[in-house]
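Here is how names work: the chains are called A, B, and so on, in the same order as the sequence lines, proteins then strands, and each is numbered from 1.
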There are 4 protein chains.
Amino acid sequence: MLNRVILIGRLGQDPELRHTNSGVPVCTFSIAVDRPQSSQQRQSGAQKITDWFTIVVWQKQAENAARYLAKGRLVAVDGRLQSRSWTDQQSGQKRTAIEVVAETVRFLERSEQSGQPGDQAPAGGGFSYGQEISFPDGENPDDLPF
Amino acid sequence: MLNRVILIGRLGQDPELRHTNSGVPVCTFSIAVDRPQSSQQRQSGAQKITDWFTIVVWQKQAENAARYLAKGRLVAVDGRLQSRSWTDQQSGQKRTAIEVVAETVRFLERSEQSGQPGDQAPAGGGFSYGQEISFPDGENPDDLPF
Amino acid sequence: MLNRVILIGRLGQDPELRHTNSGVPVCTFSIAVDRPQSSQQRQSGAQKITDWFTIVVWQKQAENAARYLAKGRLVAVDGRLQSRSWTDQQSGQKRTAIEVVAETVRFLERSEQSGQPGDQAPAGGGFSYGQEISFPDGENPDDLPF
Amino acid sequence: MLNRVILIGRLGQDPELRHTNSGVPVCTFSIAVDRPQSSQQRQSGAQKITDWFTIVVWQKQAENAARYLAKGRLVAVDGRLQSRSWTDQQSGQKRTAIEVVAETVRFLERSEQSGQPGDQAPAGGGFSYGQEISFPDGENPDDLPF
DNA sequence: TTTT
DNA sequence: TTTT
């Protein structure tokens, strides 16, 4: 009934852009979120614990994420948790994945440079540091293409 | 760096209480969270989609959750997302589970009656409708006992 | 850049429905949110502390809130914080109010009965317990009518 | 019963550190949070709308905030909303302020340099970019010293 | 009152 | 798999 997730973390890899059968863009990437350590833990040299989450964005912000985000970038994600179940073909076991479907993705660092040749911010400053990628879809008639 | 999840949903089964090797109580349960449907979807008779999430609570609130919650109860959970990875013994595959470690669990319905014989709210009203279960642990030296 | 608020509380009064000059419905109500008390505080008979917040909902959910909510009802609100400044006519002082603009409002209790004569849930179950009021506006060209 | 706020914004001024009568450190600062604009609004040259919020942090993180934050810095705040009422001495009117009591404050930008002479990060890297300020108090026996 |  |  209520379902809200907010995360700040860094992309572990460049984002991946796909399209549903009907052509709707979907972008996925994973982010690393460090678990808070007490100063005691830090001082004792305890190893840092990192949680990894899969983020899914749709439509326009999918395209923007694919264009402007890259491995290592820091982002803030505001969205909802979603569970997806399927039967593993190999083992016949039922498995479940949990992903964060982002409503908004905020870039928390200026991308000094495009990670890929040809990647350019639109003229006129259409896309810049700290800007909201756009707005969520919320209702996607199509299944995820993966 | 920032990791926050808020969910409202209903328990799919009675909660399970376990203890770590060092005796720390941990309670787990899963909740069903209905995905919002547009009124159009509702009217068209589209089937309701439900996401299932595993909730983990520690220490005192673990004991309280085990005592006062039961299948079907409505709760609000405020916590953080956590990923846990392991290698499946069967297939040798690496797998990951994502759980919500609750800081607070709120009961949103009066429990008309205890689900288990012997379950009683403490005298003096120590535990009542809409009350916070207690406070989070945040730093659990022990691994999950499962 | 990121702005998210989630509250669960009870209406202090019946909601008020107004309309902007261009006819857009806006509903406001205030909710009481109890501050968590430690069991120690409770046992020591410390008086309960309650925070009061103003909730603003727009458009369709404004109408629904006005129709189905009433003093005393328990709701979950997911939205964003907003500050509004004006100059007090009396004193000439600049003042600021902070409100929660709700994206979604969830009814956490079945409304056993309408609070007002004539208030009826639409036939066909269009509006029921635990349902999302509708979806947010997000962009309101008109100022608040108060 | 549930009360959660997450904000990302920039400090409008340097933070202020005070102490309660019993010596507990409290730090306050205000942050500017830009309201999202559609690209249409941006292109039409609509003026940016900014909401201002007061953040309150206690104890250790109060000291850290006072030491490491400064006007203009970008922070993520995770906390709870609080209302505070008092009677204005001038007018005799009852007034209310709403503040965000931060549980955690994250610095989202490297502070290239201390804003104040004498401000130095502790040797040994005790306090660095992207680190959590510390943990909240939650129960402050003393009133705010202002 | 901030910043890009 | 990230980053400081």
Side-chain donor/acceptor of A:Thr50 to base of F:dT2, under 3.5 Å: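 Counting by modelled atom types and ignoring angles, a donor-acceptor contact under 3.5 Å is found here.
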
Taking the minimum atom-to-atom distance to the side chain of [X], which one of [options] wins?
| X | options | answer |
| --- | --- | --- |
| D:Trp52 | F:dT1, F:dT3, E:dT1 | E:dT1 |
| A:Gln13 | F:dT1, F:dT2, E:dT4 | F:dT1 |
| D:Asp34 | E:dT3, F:dT4, E:dT1 | E:dT3 |
| D:Lys48 | E:dT1, E:dT2, F:dT2 | E:dT2 |

D:Thr96 and D:Ser85: side chain donor to acceptor below 3.5 Å: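 Result is yes, a qualifying pair exists.
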
Identify the heavy atoms of A:Val33 and A:Gly9 that sit nearest to each other, and give their distance.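 Looking at all heavy atoms of both residues, the shortest contact is CG2-CA, 4.2 Å.
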
So do the side chains of D:Glu99 and D:Arg84 get within less than 4.5 Å of each other, counting heavy atoms only?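 Side chain of D:Glu99 against side chain of D:Arg84, heavy atoms only: contact under 4.5 Å found.
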
Please give, in whole Å, the distance from [N] [atom2] to [X] [atom1]?
| X | N | atom1 | atom2 | result |
| --- | --- | --- | --- | --- |
| D:Leu7 | E:dT3 | CG | C1' | 16 Å |
| B:Leu2 | F:dT4 | CG | P | 19 Å |
| A:Ile55 | F:dT2 | CD1 | C1' | 13 Å |
| D:Asp51 | E:dT2 | CG | P | 16 Å |
| A:Leu69 | F:dT3 | CG | P | 14 Å |
| A:Lys71 | F:dT1 | NZ | P | 9 Å |

